[in-house]
Amino acid sequence: MYDEIMASELETKLRNGEKLQVIDVRELDEWQDGHIAQAKHIPLSGLVARLDELDKNDKPIYMVCRSGNRSGKACDFLSAQGYQVINMLGGMMSWPGEVVEGD
């Protein structure tokens with residue numbers, strides 16, 4: 001089981017300078033079209049192979065995709081592995097903040 005957060009709530013946290021672990025699980029072309037500046041790109045298809053890049057500490061990992069579906073799947077998997085994860089509802093389609101294009 002995992003928690004959920006509205007895109008506007010996550011944007012507020014980041015704007016306020018909170019140091020958060022944000023993982024974007026979309027494919028490379030989607031990432032390059034626009035992503036959250038503080039996010040790290042780990043496509044869902046490569047998540048298992050890149051688990052060592054996630055910080056498994058007391059702080060939650062915020063998961064992001066286009067609509068919230070793939071990030072929900074990532075949350076299901078990661079929570080079963082003992083990670084504390086939070087899914088951003090509505091994904092990037094709901095993101096109210098600025099985005100960075102490219103890599």
Side-chain angles (χ1 to χ4, degrees):
M1 196 66 187
Y2 56 86
D3 291 326
E4 298 174 322
I5 191 170
M6 301 295 293
S8 59
E9 293 175 282
L10 180 57
E11 195 266 342
T12 297
K13 287 176 174 289
L14 292 171
R15 193 171 6 94
N16 289 338
E18 291 188 40
K19 301 292 184 203
L20 306 174
Q21 190 173 188
V22 180
I23 305 296
D24 190 321
V25 297
R26 297 176 298 155
E27 294 302 316
L28 181 60
D29 60 327
E30 296 171 290
W31 165 265
Q32 290 176 331
D33 285 344
H35 58 272
I36 299 168
Q38 298 90 336
K40 178 177 184 130
H41 183 226
I42 302 179
L44 183 60
S45 59
L47 186 60
V48 173
R50 295 177 62 185
L51 281 178
D52 62 330
E53 296 179 39
L54 300 178
D55 188 5
K56 190 175 185 179
N57 58 25
D58 295 338
K59 296 181 182 176
I61 302 170
Y62 293 84
M63 305 302 294
V64 177
C65 70
R66 184 183 68 83
S67 66
N69 186 36
R70 283 175 283 178
S71 56
K73 289 179 182 177
C75 285
D76 284 336
F77 170 75
L78 290 171
S79 65
Q81 308 304 311
Y83 290 85
Q84 182 183 355
V85 289
I86 298 176
N87 189 27
M88 186 177 86
L89 294 173
M92 289 302 291
M93 293 179 7
S94 297
W95 181 249
E98 294 184 22
V99 296
V100 176
E101 294 180 359
D103 293 332

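Remember, it's a predicted structure, so these values are computed and weren't measured experimentally. The figures that follow rest on heavy atoms only: side chains count, while hydrogens, waters and symmetry mates do not.
For the atom pair OG of Ser94 and CG of Leu10, the computed distance is 11.5 Å after rounding to the nearest 0.5 Å. Of the inter-residue distances, the one linking His35 atom NE2 with Gln38 atom CD reads 9.5 Å to the nearest 0.5 angstrom. With rounding to the nearest 0.5 Å, the separation of CD in Glu11 from CG in Asn16 is 9.0 Å. Residue Asp76 holds its CG atom at 11.5 Å from CD of Gln81, rounded to the nearest 0.5 Å.
The salt bridge (charged side-chain N to carboxylate O under 4.0 Å, His left out) check on Glu53 picks up Lys40, Arg50, with sequence neighbours excluded. With sequence neighbours left out, the salt bridge (charged side-chain N to carboxylate O under 4.0 Å, His left out) criterion links Lys13 to Glu18.
The closest side-chain heavy-atom distance from Ile86 to Met63 is not below 4.5 Å. Taking 4.5 Å as the limit, every side-chain heavy atom of Tyr62 sits out of range of all side-chain heavy atoms of Met88. No side-chain heavy atom of Leu44 sits under 4.5 Å from any side-chain heavy atom of Phe77. Considering only heavy atoms from C-beta on, Ile61 stays 4.5 Å or farther from Leu20 through its side chain. Inter-residue side-chain proximity for Cys75 and Glu4 is flagged as unmet; no heavy-atom pair is nearer than 4.5 Å.
Connection of Val99 to Ile5 is established within a shared hydrophobic cluster, with ILVMFWY side chains joined at heavy-atom distances below 4.5 Å, either directly or through further cluster members. Under the 4.5 Å side-chain contact rule for hydrophobic residues, Met1 and Val85 do not share a cluster. In the hydrophobic clustering of ILVMFWY residues, with side-chain heavy atoms under 4.5 Å counting as a link, Val48 and Tyr83 come out together.
With Ile42 as reference, Leu54 is the one residue of Leu54, Val25, Asp24, Leu51 to meet the side chain to side chain contact (heavy atoms under 4.5 Å, CB included) rule.
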message: Using the rule given for side chain to side chain contact (heavy atoms under 4.5 Å, CB included), can you reason through Cys65 versus Lys73, listing the C-alpha separation, both sets of side-chain angles and the distance that settles it, and then say yes or no?
response: CA-CA 10 Å; Cys65 70; Lys73 289 179 182 177; over 6 Å; no
field: Derivation of the side chain to side chain contact (heavy atoms under 4.5 Å, CB included) call for Ile23 and Val64
entry: CA-CA 6 Å; Ile23 305 296; Val64 177; over 6 Å; no
Working for salt bridge (Lys or Arg N to Asp or Glu O under 4.0 Å), residues Glu30 and Arg70: CA-CA 13 Å; Glu30 296 171 290; Arg70 283 175 283 178; 2.8 Å; yes
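Pairing each heavy atom of Ala7 with each of Gly91, the nearest pair is CB-O, 4.5 Å.
Judged by distance alone, the side chain of Trp31 and the main-chain N or O of Gly34 form no donor-acceptor pair under 3.5 Å. Within the 3.5 Å criterion, the main-chain N or O of Asp55 finds a donor-acceptor partner in the side chain of Gln21. The main-chain N or O of Arg26 is found under 3.5 Å from a side-chain atom of His41 such that the two form a donor-acceptor pair.
More than 12 heavy atoms of other shown residues, nucleotides or ligands fall within 6.0 angstrom of atom NZ in Lys56.
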